[in-house]
> 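Here it is: the structure, laid out below.
Throughout, protein chains are lettered first and strands after them, A, B, ... in sequence-line order, and every chain is numbered starting at 1.
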2 protein chains.
Amino acid sequence: MKNRIEIVEDNDVVRDGLQLLINSMSDHTVVGAYISCEQALKNLDHDMPEVILMDLDLPGMSGIEGIQRIKKRSPHIHIIVITVHEDSEMVFEALCAGASGYITKNANHSRLLDAIDEVQTGGAPMSSKIARMVVGSFQKNQNSPLTSRETEVLELLAKGKSYTVIADELFIHKETVKSHIKNIYFKLQVNTKADALEIARKNKLI
Amino acid sequence: MKNRIEIVEDNDVVRDGLQLLINSMSDHTVVGAYISCEQALKNLDHDMPEVILMDLDLPGMSGIEGIQRIKKRSPHIHIIVITVHEDSEMVFEALCAGASGYITKNANHSRLLDAIDEVQTGGAPMSSKIARMVVGSFQKNQNSPLTSRETEVLELLAKGKSYTVIADELFIHKETVKSHIKNIYFKLQVNTKADALEIARKNKLI
DNA sequence: TAAAAAATCACTAAGATTGGGGGAGAGATT
DNA sequence: AATCTCTCCCCCAATCTTAGTGATTTTTTA
């Protein structure tokens, strides 16, 4: 039984190249190659792919929305994004939408074929820059203007806790919490909770 | 100029094995091999490693805390975790603490040596299971009990916005927001914002 | 060691927010 | 016909949040 691969890519040259490359492997077969998510979705039940290689710049429906729709209909299908985009927004949008892997187009052919196997054996193939970006998203800004206590308070605030609850959890007085928040607002140059959280999250202070 | 590698691992056999393996490469050299983070930290300025391979189960200071301290003192050093732990808590704690890579101990030798190069060329080497875990952490639960509108409201609530602001942003009445939140609380079986956010985040509803 | 920063607690006051209770209509879906 | 979803409305009471001004103690840093 061959691995059923599908391709969604609007550039003819790239699409045909991918198809040839994959079909050249004895245990893989391309069951569909389309230029848009609309087409891919229409044929999804017939093609029954296990893995979809997908570009993000597509005519009509965006790749991101395509990923969402495909994953909603067939959660078991693994989608690997193949794109030129390396900007963090695209990467995280694609992963949030349900992509299992993210390869940039400068990857060589063997890396690409490896990715298909990797995604089917429980992995998440990524270009190394992308992997670093993803891992980096977990790490806090080392140059935070906030003190560790202030950060602690802001994190509890981010969890939706009230001043009173925060005070209890940190074994300090509610007035102290207020004082910390006052200083946080001043340092971040904001005057509401929502703005503070936005700045803090954007700058990875929490 | 050789790549300067350090090892922190309390198991003698594993540590010596790693050291031999790395020193066998002409362009890499082990500049320090320790059984604890305390020792590693003490010699950090002298050893000047570029990459540290670190276990997480260590006598004395935990690996997680070790990572934090090392990264705080020398942010440019790349730390690759080498451990048996595959539980998500450990993985995310290590990455948040500042690890640039995460390899499980069943990895073969060549993969390990690749990881060292990968981390120095801007990558984030991970075992494939770990990579999937990390990527999976971006994806929402597909079986959310909440409607899309409710999810939308909850996401704005998570940003610290008030009912009034949420109402404005969604072009609906404040009372409607309240109504949604009432339903969210009922569905999640909670009665405070903080509890709702905790459940929602734990189950990846937002 | 002296100065600066951080963490702690205090009071007042006004306005906004939140949560609990009830209900109800319109539209879509099943 | 029944259910779900989204929308809106009312009342009420407790709590929260912001703003202003202040002070003390501990820790860190220059």
Side-chain angles (χ1 to χ4, degrees), chain A residues 68-69 72-73 140-201 203 205-206, chain B residues 41 45 68-69 72-73 75 140-201 205-206:
Chain A
Q68 282 171 336
R69 297 216 189 175
K72 189 162 189 181
R73 264 182 47 186
K140 286 187 195 174
N141 184 349
Q142 296 287 296
N143 291 19
S144 173
L146 305 181
T147 68
S148 61
R149 197 54 154 176
E150 285 163 356
T151 305
E152 213 169 352
V153 170
L154 195 53
E155 270 163 359
L156 292 173
L157 211 53
K159 290 183 178 171
K161 306 200 169 174
S162 70
Y163 291 14
T164 314
V165 172
I166 294 174
D168 286 349
E169 291 198 11
L170 297 182
F171 303 106
I172 57 180
H173 200 278
K174 193 205 289 196
E175 288 297 326
T176 309
V177 174
K178 278 176 55 177
S179 181
H180 284 307
I181 289 174
K182 206 191 315 176
N183 292 331
I184 292 169
Y185 286 7
F186 176 73
K187 286 184 180 178
L188 302 186
Q189 287 292 293
V190 298
N191 47 20
T192 66
K193 183 166 57 170
D195 288 344
L197 291 179
E198 192 190 336
I199 300 279
R201 289 192 169 120
N203 298 38
L205 308 181
I206 57 171
Chain B
L41 277 161
D45 293 332
Q68 282 171 337
R69 299 216 188 176
K72 189 163 189 179
R73 264 181 48 185
K140 285 189 194 172
N141 184 349
Q142 296 287 301
N143 291 18
S144 173
L146 306 181
T147 68
S148 61
R149 196 55 154 177
E150 285 163 357
T151 304
E152 213 168 352
V153 170
L154 195 53
E155 270 163 359
L156 292 173
L157 212 53
K159 290 184 178 170
K161 308 202 168 173
S162 70
Y163 292 13
T164 314
V165 172
I166 295 174
D168 286 350
E169 291 198 10
L170 297 181
F171 302 108
I172 56 179
H173 199 278
K174 193 205 288 196
E175 286 299 329
T176 308
V177 174
K178 274 182 64 176
S179 182
H180 284 309
I181 289 174
K182 213 188 308 179
N183 292 331
I184 292 169
Y185 286 7
F186 175 73
K187 287 184 181 178
L188 302 186
Q189 288 293 294
V190 298
N191 48 18
T192 65
K193 183 166 57 170
D195 288 345
L197 291 180
E198 191 189 337
I199 300 279
R201 290 193 169 118
L205 308 181
I206 55 172

> So B/Thr176, base contact, sugar-phosphate only, or nothing? Heavy-atom distance under 4.0 Å.
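The residue B/Thr176 makes base contact.
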> Given that B/Ser179 and A/Val165 both sit by DNA chain D, which one's nearest nucleotide is further toward the 5' end?
B/Ser179
> Kindly indicate whether the side chain of B/Ile181, heavy atoms from C-beta on, has any atom under 4.5 Å from the side chain of B/Lys193.
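No, their side chains stay 4.5 Å or more apart.
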> Can you identify which nucleotide, out of D/dT7, C/dG23, C/dA7, has its nearest atom closest to the A/Thr147 side chain?
C/dA7
> Among D/dC16, D/dT18, D/dC8, which is the nearest nucleotide to the side chain of A/Tyr163?
D/dT18
> So that I can tick it off, tell me whether A/Glu155 and A/Lys140 are bridged by a salt bridge, with the cut-off set at under 4.0 angstrom between side-chain N and carboxylate O.
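Yes, charged N to carboxylate O under 4.0 Å.
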> Are B/Thr192 and B/Asp195 close enough that a side-chain donor and a side-chain acceptor fall under 3.5 Å?
yes
> Between C/dT8 and A/Arg149, is there an OP1 or OP2 to side-chain N/O distance shorter than 4.0 Å?
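So the side chain of A/Arg149 is within the cut-off, an N or O lying under 4.0 Å from OP1 or OP2 of C/dT8.
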> Roughly, in whole Å, what's the span from CD1 in A/Ile184 to C1' in D/dT17?
14 Å
> Using a 4.0 Å heavy-atom cut-off across all strands, classify B/Lys193 as base, sugar-phosphate, or nothing.
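B/Lys193: backbone/sugar contact only, no base atoms under 4.0 Å.
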> Between the side chain of A/Tyr163 and the main-chain N/O of A/Leu157, is any donor-acceptor distance below 3.5 Å?
no
> Between B/Ile181 (CD1) and D/dC6 (P), how many Å, whole number?
14 Å
> Toward the 5' end of DNA chain D, which comes first, B/His173 or A/Asn191, by nearest nucleotide?
B/His173
> Between P on C/dT18 and CG on B/Leu156, what's the gap in Å once rounded to a whole number?
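Atom-to-atom, B/Leu156 to C/dT18, this comes out as 12 Å.
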> Of all the nucleotides listed (C/dC11, D/dC10, D/dT7), which has the minimum atom distance to the side chain of A/Glu175?
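Looking only at heavy atoms from C-beta outward on A/Glu175, the closest nucleotide is C/dC11.
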> Which listed nucleotide (C/dG21, D/dT17, D/dT7) is nearest to the side chain of B/Lys182?
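For B/Lys182, the side-chain atoms sit closest to C/dG21.
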